[in-house]
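The basis for the numbers below is simple: all heavy atoms, side chains too, and nothing from hydrogens, waters or symmetry mates.
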There are 2 protein chains.
Amino acid sequence: MEKPSIKDVAEKAGVSIATVSNVVNKKGRVSEKMIDRVQSIISEMGYSPNISARGLKQQQSYLIGVIVPFQQQDGNLQDNPFYWNLVSGIELGARNEKFHVILSGINEENADALDFVKDRHLDGLVIVGTYEDSPITQKINQLNIPCVYIDSYLKDKNCYEVYLDDEKGAYEGTKYLLNHGHQNIAVISGELEGGVTTARLRGHIDALNKNGLLFSEENHIVAPVSIEGGLHTANQILALKDISAIFCFSDVTAFGVMKGLHDLGVNIPEDLSIMGFDDLYFSKYLSPPLTTISQDIILKGKTATELLIGQIDHKVNIERKNTIPIKIMERNSIKPFNDKLI
Amino acid sequence: MEKPSIKDVAEKAGVSIATVSNVVNKKGRVSEKMIDRVQSIISEMGYSPNISARGLKQQQSYLIGVIVPFQQQDGNLQDNPFYWNLVSGIELGARNEKFHVILSGINEENADALDFVKDRHLDGLVIVGTYEDSPITQKINQLNIPCVYIDSYLKDKNCYEVYLDDEKGAYEGTKYLLNHGHQNIAVISGELEGGVTTARLRGHIDALNKNGLLFSEENHIVAPVSIEGGLHTANQILALKDISAIFCFSDVTAFGVMKGLHDLGVNIPEDLSIMGFDDLYFSKYLSPPLTTISQDIILKGKTATELLIGQIDHKVNIERKNTIPIKIMERNSIKPFNDKLI
DNA sequence: AAATTATTTGCAATCGTTTTCATTATTTTT
DNA sequence: AAAAATAATGAAAACGATTGCAAATAATTT
């Protein structure tokens, strides 16, 4: 039994397809009687509109695209559990508004894969973790459709963005370390090309300066944002003299650092204190449980979708830049230094 | 500048739209000269077909749905990094075949959310981790469209499935423990409702029996598949007498078990050996690195998409049941017991 | 009751493709 | 060189909705 079309419904109800369409979309003027009659036939036949046809006519799809970085390493995808929650949040937000989500992994090289956005008439895009002038950003600008960027720190004041309060997070994290007597802090960050790292570094330096201290590049290690990345810094960290604490700008890196240090016989937090950033699922189960800056990833995703759908529906007064608050998750990877207690 | 339609291309090339269509789809008979001419105008104008229009005509959407379990706990989504890779694999497989993926989280209670499958005329569905007679399965059966189930172990011999070789994995894992002298093994598994757990248990028991040993329910602990789930079994494990090894049917649980045991002062693998299952991203970075049964999650996702698209395209001779091979990742969480070496 | 107005309903064009089949152009055969 | 066979192209009809506007019907006013 084929799925009935609007024509089938119209015939059975003895009315025109225009009327059925009006009933379905609650548009135009249709009498109560007619609405009831058509409505009951619709549910009897199990009719629902063909979205391809509607999309063709209306040039809209009620579909939003989610573009996530999609890095391949030796033929395998890079595993970043962070994104799963984000996408879940986006999906949740979309579903509440009768939109659906098309997922598209993409990388810097094949920005052409974005052509599907036009072909499918996507209504909007959520883009995760790109940066100013990246090939992806450029391609997306040409598309000229509603967009919301997550964690991208673009300079364009008009584009919609949602990001964590990275600067404040790093500021508070650093302050927390300072309050626990740590004056000499190593920083492990990702590459500076992304705005996220820059913002976190700014917050860190600011906190240092406000407390009469100077940031020293010598204590700054740049490493890939991954467990391996952290792991490989262990020796460099030990070579740093006088540091009493490490501020890892991501939990995934902190995981690696802790593992590397542990294998070298360093005790945490007795020998060295560690602060993380992100509060991933496993962070509270590390040994010791990692003190870190937490963010509500689901909220981040949901907020992005709301902003996007707001744009699509031409709502006014939507904030262009949205910040998700941070919170320090105090656990056991930091111990007071030099008897200088809180 | 609007996106050009096939008509625009046809006009500029001075040919009919039928010809352009034939060129685009490599159908019908078109002369070489014509192909070149049209092709170059297509790329000059940046034409690509409108998928809604094509879908309307062909009664296809070139869209596949991915249904993943979506469990909320205290208002938050359950975090299972496992799915991210799976979805990535599915997306990758789909993209290679000009399909796109619509993501839909769903839980047992709101199976009605599946109505979008009809409305969007999805061409097929990949369903992850459901089970026989679940509300989701029932709803999906009514939909009557091509489906592929992942990790679901349905009884229906006609439905398409892809799963890990769970039974063999558990068999080999157990044999490995046995070969290392462990005769008394505790098992931590998830609930038995899902076929995955049952299959793994079967493999385990089989290996035991083949070696003249009996499975004892006393050594079997059922716990939620999560870090917490594993963590909370630590005390129960210590209460078990005479065991020398633990076989965790998932790495995420093993993570929790290791953490719980570590906090109780148990040394791994000196006091107790541990075998995991899944080989998650972090498993090789645990302390000690976890010996576990690995699966190629991306391959699993890709295979599912291939099966699905095969069905959609009415290919024949597609295997109904597909098994992804396992491999033991030998690391350092298991040590020989009783001097009975390999 | 006729004229006016308000309310319902339906006609038909349109969106951008694919696809069948007729037509025209080209080549081959006689 | 005409006839037959083959190859290349195009005209037009779908596919299933939405929508502006005309037509029909009902309600109101004169």
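C/dG10 atom C1' lies 14 Å from atom CD of A/Glu11, rounded to whole Å. Rounded to whole angstrom, the span from the CD atom of A/Gln60 across to the P atom of D/dG16 amounts to 21 Å. Atom CG of A/Asn22 is separated from atom P of D/dT19 by 9 Å (rounded to the nearest Å). Summarising the geometry, the separation between CD1 on B/Ile51 and P on D/dA17 is reported as 20 Å, rounded to the nearest angstrom. Look at CG on B/Leu56: it is 9 Å from C1' on C/dC15, rounded to the nearest Å. The NZ-P distance, from A/Lys7 to D/dA17, rounds to 11 Å in whole Å. B/Arg54 has its CZ atom 9 Å from the P atom of C/dT17, to the nearest Å. When the C1' atom of C/dG16 is taken as reference, atom CZ of A/Arg120 falls 15 Å away, rounded to whole Å.
Listed for the B/Ser134 side chain is no donor-acceptor partner under 3.5 Å among the backbone atoms of B/Glu132. Within the 3.5 Å criterion, the main-chain N or O of B/Ser5 finds a donor-acceptor partner in the side chain of B/Asp8.
Here A/Asp119 does not pair with B/Arg54 in a salt bridge; the nearest charged N to carboxylate O distance is not below 4.0 Å. Using a 4.0 Å cut-off between charged side-chain N and carboxylate O, A/Lys139 and A/Asp115 make a salt bridge. Comment: B/Arg95 engages B/Glu91 in a salt bridge, judged by a side-chain N to carboxylate O separation of less than 4.0 angstrom.
Nearest heavy-atom pair, B/Cys147 versus B/Ile140, reported as atom, atom and distance to 0.1 Å: SG-CG2, 3.5 Å.
Of the two residues contacting DNA chain C, namely B/Tyr47 and A/Thr19, the nearest-nucleotide position lying further toward the 5' end is that of A/Thr19.
Across all strands shown, A/Val15 has heavy atoms under 4.0 Å from sugar-phosphate atoms exclusively, and none from any base. If you check every strand for non-hydrogen atoms under 4.0 Å, A/Ser21 touches a base.
When the side-chain nitrogen and oxygen atoms of A/Gln59 are compared with OP1 and OP2 of D/dT18, none of them lie within a distance under 4.0 Å.
For the segment residues 25-40 of chain A, the set of residues with a heavy atom within less than 4.0 Å of an atom of DNA chain C comprises A/Arg29, A/Val30, A/Ser31, A/Met34, in numerical order.
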Taking N or O atoms only and anything under 3.5 Å, show me the protein contacts with nucleotides 11-14 of chain D, one pair per line.
from, atom 1, to, atom 2, distance (Å)
D/dA14, N3, B/Lys57, NZ, 3.1

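Ring orientation note: the planes of A/Phe99 and A/Tyr62 are tilted relative to one another, at an angle of 30° to 60°.
Between the side chains of A/Ser52 and B/Lys57, no donor N or O sits under 3.5 Å from an acceptor N or O.
Comparing atom distances between the B/Gln58 side chain and each of C/dC15, C/dT18, D/dT9 picks out C/dT18 as nearest.
Cation-pi geometry between A/Lys321 and A/Tyr160 is not met: the NZ or CZ atom fails to fall both under 6.0 Å from the ring centre and inside 45° of the normal.
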